[in-house]
K.L.:
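Dumping the structure here so I can ask a few things about it.
Just so it is clear: chains get the letters A, B, ... in the order the sequence lines come, proteins before strands, and each one is counted from 1.
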There are 2 protein chains.
Amino acid sequence: MTGTASRPTLEAVAARAGVSRATASRVVNGGDGVREPLVERVRRAVEELGYVPNQAARSLVTRRHDAVAVVIAEPETRVFADPFFALQLRGISKELTAHDSQLVLLLTEGRDDHARVGRYLAGGHVDGALVFSLHLHDPLPGLIQGAGVPTVFGGRPGWADGTRDAAPTVYVDCDNRGGAREAVRHLAGLGRTRIAHITGALDQTSAADRLDGFRDVMADVDPALIAEGDFTPAGGEHAMRELLERRPDVDAVFAANDLSASGALRVLRERGRRVPDDVAVIGFDDMLPVAEQTDPPLTTVRQDIEEIGRLMARLLLRGLDRGAVRGLGHGAARDLDRRAGEDHLGDAPSSVVLPTTLVRRASA
Amino acid sequence: MTGTASRPTLEAVAARAGVSRATASRVVNGGDGVREPLVERVRRAVEELGYVPNQAARSLVTRRHDAVAVVIAEPETRVFADPFFALQLRGISKELTAHDSQLVLLLTEGRDDHARVGRYLAGGHVDGALVFSLHLHDPLPGLIQGAGVPTVFGGRPGWADGTRDAAPTVYVDCDNRGGAREAVRHLAGLGRTRIAHITGALDQTSAADRLDGFRDVMADVDPALIAEGDFTPAGGEHAMRELLERRPDVDAVFAANDLSASGALRVLRERGRRVPDDVAVIGFDDMLPVAEQTDPPLTTVRQDIEEIGRLMARLLLRGLDRGAVRGLGHGAARDLDRRAGEDHLGDAPSSVVLPTTLVRRASA
DNA sequence: TTGAAAGCGCTAACAT
DNA sequence: ATGTTAGCGCTTTCAA
């Protein structure tokens, strides 16, 4: 095990360079307003001593940490099984790296973890938090609020905005409801009349919103055509079996995400139903490793997951940079018509809802 | 965005409780040697003020952080695609949680990330580091050593032990070579004579060791029977195709991990070779979600990945607890004969190599 | 048992 | 442009 030497302090560097601690500090932090020869001497001293600033000491005075926590309210097993998180994390990671901020991933499995995460956030280890995959009645938002850490959520949180706090909740999400509507309309446009829905985990707003979108189009749908899933392939399989049992005449399925859709597809094949001839299937997310690998390839509602991650990070960093984390303006959800690739942000951090697009492949 | 209130200090708590800062501190840290009524008053003040210790200030004096970094030298895409990491992380997470230590996950994609991670570790944010998936010529070990952070590696690092540092390198691994030997002997015992090997990424010691194990048994093997893979299903597919081309008479395959084996299986099926009748296949890892789902279910060399993670964490924490991180005794690799579930650790932190077991399913 | 005081290593006014 | 100095919030001797 590699050992811990007692590291040299700025004091030591200053002494070796023959300058004051203040000058040494200036050089270490960029060297503005220090004359070249001194800069040089300090740099050499740093080099020779192998000096690295003590972050605890620095943070104590600057109150900055150059680190952002990402909190995923989901057990590791799911986090690592679902490409969704990987994509989001990648977007976040890219943005943070560009800002020279360290990504600190906090996984929370059980209730004990929640408390620990709360303490970690409150303890001032990070400048802010990015939180996603929140479930209804999750204690996390409360803890985070208690911790007083600037936070941006991934996906609309499950509580009514503005009721919990003076400062508005900022989140990034895609247009779940609109995307769902588009999917169902597409199925209807194909002439399907017995359109079913496999929901996601209904304690998450994304699932609830997609269900709402489904209902927007299928106003008086037979409840038997709605089966509850949980965003996993297994959940999709189970729901599909249920659907086939309750309504053998089903001719289309809108699944709450691609993973569920892949499960549904498997069951349909097993039961000898041809897709899309007998039953048309649409997913949600357009997760390439899933949607392109299914048989047949999946028609789906695309959302730019990586971009969501990137925006979350950008929103947070922007809020931090301007030091204004209280009483920020809170615009209505918007940007529905902006093209991806543009900067989806306004001047003041406010929630952003990204558009979705239907991607047609073979399954519907 | 939830705001940052200026948090109450210990000073404020002390004032409110009518005690000195020292007494308040004692209570916050367990309350030993403080009389009950005072403890009570301080506790109440903490409660009322919503006091949370400032970790930066605390760390500055204690030099403890109650946090451990996990560094994975692999791009997110792979980290999140391979169940291997999830399992290892789970083991680590459990152990750290039990020690009330926070897991801080640091992903490193490119070279810039390396530098940033190095700075993070050197900056004293964490008490120690757990590092895995190291590749040959990876700059990380050097950076970590420079950072002077106690570290335990997952998987035998690729450099000769002891040559880099006065303090010995501590790692946890499974018996890759022995496991490989057992797999190949099993195939030979089945009467197979044209046994091929699909390697892992050969810049990792696990892959090199498994190849060595293969060679131990197949001393004068035709080089055409060894195809290079990279631990991914796609790599396995590619290697299998190559193998079939070079030696159509191949009658057995030992793949460096289950993921590669699943790719090989796919190609064999596509080419109409029956498994195990025409070609027997063995994998490595026994990752349930993979090995049990293949068709046919995979015979494989089992290693307890979660246990490896757990041991890594335990080893590190032990080293930290005894404060002795330099010049620790370094025993020879051992524990090969211990049963899983026992404590695989001796008194002083030293590397541990866990045994493997052959799990027979249908593919060989 | 409790309090006073020193100081962890650093940054940021403020002087010079 | 450089140095002096006062803390950041906490733990921990040391005295009382």
K.L.:
Rounded to the Å, how far apart are A:R41 CZ and D:dG3 P?
P.N.:
9 Å
K.L.:
Quick check against the 3.5 Å criterion: does A:S93 have a side-chain atom that pairs as donor or acceptor with the backbone of A:G91?
P.N.:
no
K.L.:
So, does B:S59 use its side chain to make a donor-acceptor pair with the main chain of B:Q55 at under 3.5 Å?
P.N.:
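Present.
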K.L.:
Could you check whether B:H65 and B:Q102, counting side-chain N and O atoms only, form a donor-acceptor pair closer than 3.5 Å?
P.N.:
no
K.L.:
At their closest point, which heavy atom of B:S101 faces which heavy atom of B:V68, and how far apart are they?
P.N.:
OG-CG2, 4.0 Å
K.L.:
Produce a footprint string for nucleotides 8-16 of chain D: one letter per nucleotide, 5' end first; B if the base is under 4.0 Å from any protein heavy atom, S if only the sugar-phosphate is, - if neither.
P.N.:
BBBBBB---
K.L.:
Do B:N29 and B:R58 meet the criterion of a side-chain donor-acceptor pair at a distance under 3.5 Å?
P.N.:
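Per modelled atom types, B:N29 and B:R58 side chains form a pair under 3.5 Å.
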